**Student:** 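Quick one: structure below, then a few questions.
Ligands are counted one by one from 1 in listed order, and the atoms in each one are counted from 1 as well. Small disclaimer: the values here were computed from a predicted structure and weren't measured.
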Amino acid sequence: MKFNTKAIHGGQHDIDPAYGSVMPPIYQTSTYSQTTPGGHKGFEYSRSGNPTRAALERAFASIENAKHGLAFASGLAAIDAVIKLLKPGDEVISTNDLYGGTYRLFTKIFEDFGVKFHFIGMENAENIEAYINDNTKLIWVETPTNPMMNIIDIKKCAGIAKKHNILLAVDNTFATPYLQRPMDLGADIVMHSATKYLGGHSDVVMGALMLNDDELAERLFFIQNASGAVCGPMDSFLVLRGLKTLHVRVQRHCENGKKVAEYLRDHPKIEKVYWPGFEEHPNHEVAKAQMDDFGGMISFVTKGNDYDEAIRIVERLKIFTLAESLGGVESLAGHPASMTHASIPKEEREKTGVVDALIRLSVGIEDAADLTADLEQAIG
Ligand code: P1T
């Protein structure tokens, strides 16, 4: 099955044997009757499993070319489950530019449990080797990174991980499986904030993990059930509905993203635009090789790195909404230093380019001319 067909039909067999509904029923139930202890029809309690969530989890697996899918209450809950595979003393090598909440989870929660994190630049995947020792259990890659749009070579990371028998997890939130399929490039775990492009309509908070290895999937299913950060049936339904248009939406995000990125690059009041579709992007060739297009996420800084001017721009925008999050049909603008990445200490985030004058755009699927006109009136 090709991707566009999978987005609509992947894993959606036998969803309603009772009436043949085309969409799965929303099984809004916490529990299921049993004829005798253990005598049930495959579901016993909705933390462990729910038919609507199961339909979504099969769809998650399908779109990432994975065998297993797991849905969580949020993207961070999915990441939390992955780190719970580890024990005190274990070490993780992570991308240094990444979502602020992921950094906060790693440093403020799991470091206290004795897990050690190395945050490093992975634009040259070879950099990873120097940090590997006997305790290294996981490589955590976000690509494109949030918010600097760095590109990391997934295939090279997978080669290094395999050589040293380390797990490779890829946060594929920014790219989506429509553009990039980490499983095919050798990742062990794919993670998503399904809140973003997978859901696509800014109406649900959810996370996803996709896996091939049966034993790893079993361990993560155990953690999902034992820790309990699952999503509800209504949210499962909404994300399943969102998935059905993922390919059409992301195609338009890419088209609009290109137009907005090019508009900003040519603007005399803009200092620098970060978007992997530009030939001058340091890892443009890697992006071209591992992505099918370059997406609708763009970051930029104003001329002279002017913080006040950046704030004025985000305040003046009318079609772009100033808000956290990304990946919905509507365009959003964010100020990472004070919003999504505020939990990273200033000196740390500035090392990776997250300066106070940085603005991040999630380019939506409105008319591109309206979006550039909005930026024109806001930048002035
Ligand atoms: O918000 P949540 O569903 O828990 O997902 C966390 C998360 C994980 N990974 C990436 C790459 C993310 O961007 C996020 C969430 N990010 C935002 C809310 C944001 O505005 O960047």
**Student:** Please round to the nearest 0.5 Å and tell me the distance separating atom CZ of Phe60 and atom CG of Leu70.
**Tutor:** 10.0 Å
**Student:** Non-hydrogen atoms of Ser325 versus ligand 1: any pair closer than 4.0 Å?
**Tutor:** yes
**Student:** Using a strict 4.0 Å cut-off to heavy atoms of Thr195, name the atoms of ligand 1 that fall inside it.
**Tutor:** 2 (P), 3 (O)
**Student:** Test of understanding: given a 4.0 Å heavy-atom threshold, classify the contact between Leu326 and ligand 1 as side chain, backbone, both, or neither.
**Tutor:** side chain
**Student:** Under a 4.0 Å heavy-atom limit, does Leu76 contact ligand 1 with its side chain, its backbone, both, or neither?
**Tutor:** both
**Student:** With respect to Thr340, determine whether any N or O atom, backbone or side chain, lies less than 3.5 Å from an N or O atom of ligand 1.
**Tutor:** no
**Student:** Identify, with sequence neighbours excluded, every residue that meets salt bridge (charged side-chain N to carboxylate O under 4.0 Å, His left out) alongside Asp112.
**Tutor:** none
**Student:** Would Tyr103 and Phe119 count as a close aromatic pair, with their ring centres under 6.0 Å?
**Tutor:** yes
**Student:** Using a strict threshold of under 4.0 Å (side-chain N to carboxylate O), is an ion pair present between Lys116 and Asp90?
**Tutor:** no
**Student:** Report the part of Arg360 (side chain from C-beta onward, or backbone N, CA, C, O) that has a heavy atom under 4.0 Å from ligand 1; answer both or neither where that applies.
**Tutor:** side chain
**Student:** Show the atoms of ligand 1 that are less than 4.0 angstrom away from any heavy atom in Asp171.
**Tutor:** 8 (C), 9 (N), 10 (C), 11 (C)
**Student:** Pairs of nitrogen or oxygen atoms closer than 3.5 Å, one from Thr102 and one from ligand 1: do any exist?
**Tutor:** no
**Student:** Taking only non-hydrogen atoms of Met206, do any sit less than 4.0 angstrom from ligand 1?
**Tutor:** yes
**Student:** Can you check whether Gln180 reaches Thr143 side chain to side chain, under 4.5 Å on heavy atoms?
**Tutor:** yes
**Student:** Just need the protein heavy atom nearest to atom 14 (C) of ligand 1, so name the residue and atom and give the distance.
**Tutor:** Tyr99 CD2, 3.4 Å
**Student:** Please report which non-hydrogen protein atom sits nearest to atom 5 (O) of ligand 1, along with the residue it belongs to and the distance in Å to one decimal place.
**Tutor:** Ser193 OG, 3.0 Å
**Student:** Does any part of the side chain of Pro336, heavy atoms only, come nearer than 4.5 Å to the side chain of Met148, both counted from C-beta?
**Tutor:** no
**Student:** Quick one: do Arg181 and Asp292 make a salt bridge, cutoff under 4.0 Å?
**Tutor:** yes
**Student:** Please write down residue, atom name and distance for the protein heavy atom closest to atom 13 (O) of ligand 1.
**Tutor:** Asn146 ND2, 3.0 Å
**Student:** Can you find a non-hydrogen atom of Lys196 under 4.0 Å from ligand 1?
**Tutor:** yes
**Student:** Return all side-chain donor-acceptor pairs below 3.5 angstrom for residues 50-57, not counting sequence neighbours, or 'none' if the list is empty.
**Tutor:**
| unit_1 | atom_1 | unit_2 | atom_2 | d |
| --- | --- | --- | --- | --- |
| Asn50 | OD1 | Thr52 | N | 2.9 |
| Asn50 | OD1 | Thr52 | OG1 | 3.4 |
| Asn50 | OD1 | Arg53 | N | 3.3 |
| Asn50 | ND2 | Tyr27 | O | 2.9 |
| Asn50 | ND2 | Tyr32 | OH | 3.2 |
| Asn50 | ND2 | Ser46 | OG | 3.3 |
| Thr52 | OG1 | Pro25 | O | 2.8 |
| Thr52 | OG1 | Tyr27 | N | 2.8 |
| Arg53 | NE | Glu57 | OE2 | 3.3 |
| Arg53 | NH1 | Ser46 | O | 3.0 |
| Arg53 | NH1 | Arg47 | O | 3.3 |
| Arg53 | NH2 | Arg47 | O | 3.3 |
| Arg53 | NH2 | Ser48 | O | 3.4 |
| Glu57 | OE2 | Ala71 | N | 2.7 |
| Glu57 | OE2 | Gln224 | NE2 | 3.1 |

**Student:** Verify, without hydrogens or angle tests, whether Arg249 (side chain) and Gly242 (backbone) share a donor-acceptor contact under 3.5 angstrom.
**Tutor:** yes
